[in-house]
Amino acid sequence: MDNSFSIGERQFKLSKINAMKQYHIVRRIAPILGDMLPAMKDIAKGKPEEMTEDQKLDQAVKFAGPIMNGLSKLNDKDSEVVLYGLLAAVEIKQSEGNWARLVVNDQLMFDNLDLPTMLQAAGRSFMFNMSGFFDVL
């Protein structure tokens with residue numbers, strides 16, 4: 001999986017989360033994996049580079065329902081551990097050309113980041129960082 005992506009006009013890049021942080025994220029989402037795994041299995045079958053934008057959107061919609069259902073079951077603290085952990089591995093390109101982390105020390109660094117962008121970035125970070133774990137499953 002490529003470590004760079006765009007959402008709208010914004011450019012992002014991903015870095016790896018260390019194994020201990022990955023463990024804590026997976027541990028928090030363990031109770032909701034049953035909701036997520038069938039959708040993830042369907043997504044894993046596709047080859048994004050061969051998919052049209054409409055097919056990618058269809059995949060995202062299939063995945064969004066189980067994810068949102070699962071996330072709704074997490075308490076606030078656990079959901080923040082997951083989101084902050086995933087977003088700490090995401091950087092955004094700034095207008096000057098520098099890169100800045102979205103989250104530092106469990107604090108969101110950008111007030112102008114909207115919810116859809118934040119969730120898409122977290123989802124990309126999740127797939128980039130956890131794909132090896134789910135390949136084992």
Side-chain angles (χ1 to χ4, degrees):
M1 178 178 212
D2 189 15
N3 77 326
S4 61
F5 63 97
S6 296
I7 300 174
E9 298 296 317
R10 294 175 163 173
Q11 294 180 319
F12 298 86
K13 67 179 178 179
L14 302 166
S15 59
K16 283 295 187 181
I17 298 170
N18 75 52
M20 260 335 245
K21 283 228 182 249
Q22 286 183 24
Y23 165 74
H24 287 296
I25 290 169
V26 169
R27 186 170 65 90
R28 295 304 198 297
I29 65 167
I32 63 172
L33 283 177
D35 294 333
M36 295 168 50
L37 286 177
M40 291 175 70
K41 184 179 173 187
D42 287 344
I43 288 172
K45 290 178 185 174
K47 294 182 181 178
E49 63 277 1
E50 296 176 5
M51 297 171 81
T52 67
E53 289 303 313
D54 285 341
Q55 289 170 321
K56 288 178 186 177
L57 181 59
D58 287 345
Q59 289 286 7
V61 168
K62 285 181 191 175
F63 192 56
I67 289 291
M68 297 311 287
N69 183 45
L71 288 176
S72 72
K73 296 176 184 177
L74 293 177
N75 64 44
D76 288 350
K77 183 174 173 32
D78 287 343
S79 66
E80 287 178 6
V81 166
V82 171
L83 278 174
Y84 286 145
L86 292 170
L87 292 172
V90 181
E91 293 180 75
I92 187 169
K93 190 171 188 178
Q94 301 198 59
S95 57
E96 310 82 43
N98 299 326
W99 292 91
R101 292 214 181 268
L102 293 184
V103 168
V104 176
N105 296 327
D106 293 342
Q107 292 294 312
L108 196 58
M109 296 287 100
F110 295 89
D111 290 336
N112 63 348
L113 196 66
D114 61 13
L115 180 62
T117 301
M118 181 183 76
L119 293 177
Q120 286 180 66
R124 294 280 189 122
S125 179
F126 182 84
M127 296 305 286
F128 182 75
N129 281 285
M130 306 300 172
S131 62
F133 174 78
F134 292 103
D135 286 346
V136 171
L137 293 179

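Keep in mind the model is a prediction, meaning the values are calculated, not measured.
Residues Ile17 and Ser125 share a closest heavy-atom pair of CD1-OG, 4.0 Å. The two residues Ala121 and Leu102 have their closest heavy-atom pair at CB-CD1, 4.1 Å.
With hydrogens and angles disregarded, a donor-acceptor distance shorter than 3.5 Å links the side chain of Lys16 to the backbone of Phe128.
Residue Val104 is grouped with residue Phe12 when hydrophobic side chains (ILVMFWY) are merged at heavy-atom distances under 4.5 angstrom, including chains of intermediate members. A continuous path of hydrophobic side-chain contacts links Leu115 to Phe110 [ILVMFWY only; heavy atoms under 4.5 Å]. There is a path of hydrophobic side-chain contacts, each under 4.5 Å, that joins Tyr84 to Ile92. Residues Leu108 and Ile7 share a single hydrophobic cluster, defined by chaining ILVMFWY side chains whose heavy atoms lie under 4.5 Å apart. Under the 4.5 Å side-chain contact rule for hydrophobic residues, Leu87 and Met109 share a cluster.
Counted within 6.0 Å of NZ on Lys21, heavy atoms from surrounding residues, nucleotides or ligands total 12 or fewer; the atom is thus considered open.
Evaluation of the side chain to side chain donor-acceptor pair (under 3.5 Å) test over residues 90-113, restricted to residues two or more places apart or in two chains, returns Ser15-Arg101.
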Test side chain to side chain contact (heavy atoms under 4.5 Å, CB included) applied to Arg27 and Val81, step by step: CA-CA 10 Å; Arg27 186 170 65 90; Val81 166; over 6 Å; no
Could you walk me through whether Val90 and Arg124 pass the side chain to side chain contact (heavy atoms under 4.5 Å, CB included) test, one step at a time? CA-CA 9 Å; Val90 181; Arg124 294 280 189 122; over 6 Å; no
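Contact check for Phe5 versus Leu14: side-chain heavy atoms found under the 4.5 Å cut-off. Annotation: side chain of Asn129 is in contact with side chain of Gln22 (closest heavy-atom distance under 4.5 Å). Leu83 places a side-chain heavy atom less than 4.5 Å from the side chain of Met118.
Listed by chain and number, the residues in a side-chain hydrogen bond (donor to acceptor under 3.5 Å, both in side chains) with Ser4 are Asp2 (sequence neighbours excluded).
The CG atom of Leu74 sits 11.0 Å away from atom CD of Glu80, with the distance rounded to the nearest 0.5 Å. Atoms CG and CG, from Leu86 and Leu119 in turn, are 10.5 Å apart once rounded to the nearest 0.5 Å. If you take CG on Asp114 and CD on Gln120, they are separated by 8.5 Å, rounding to the nearest 0.5 Å.
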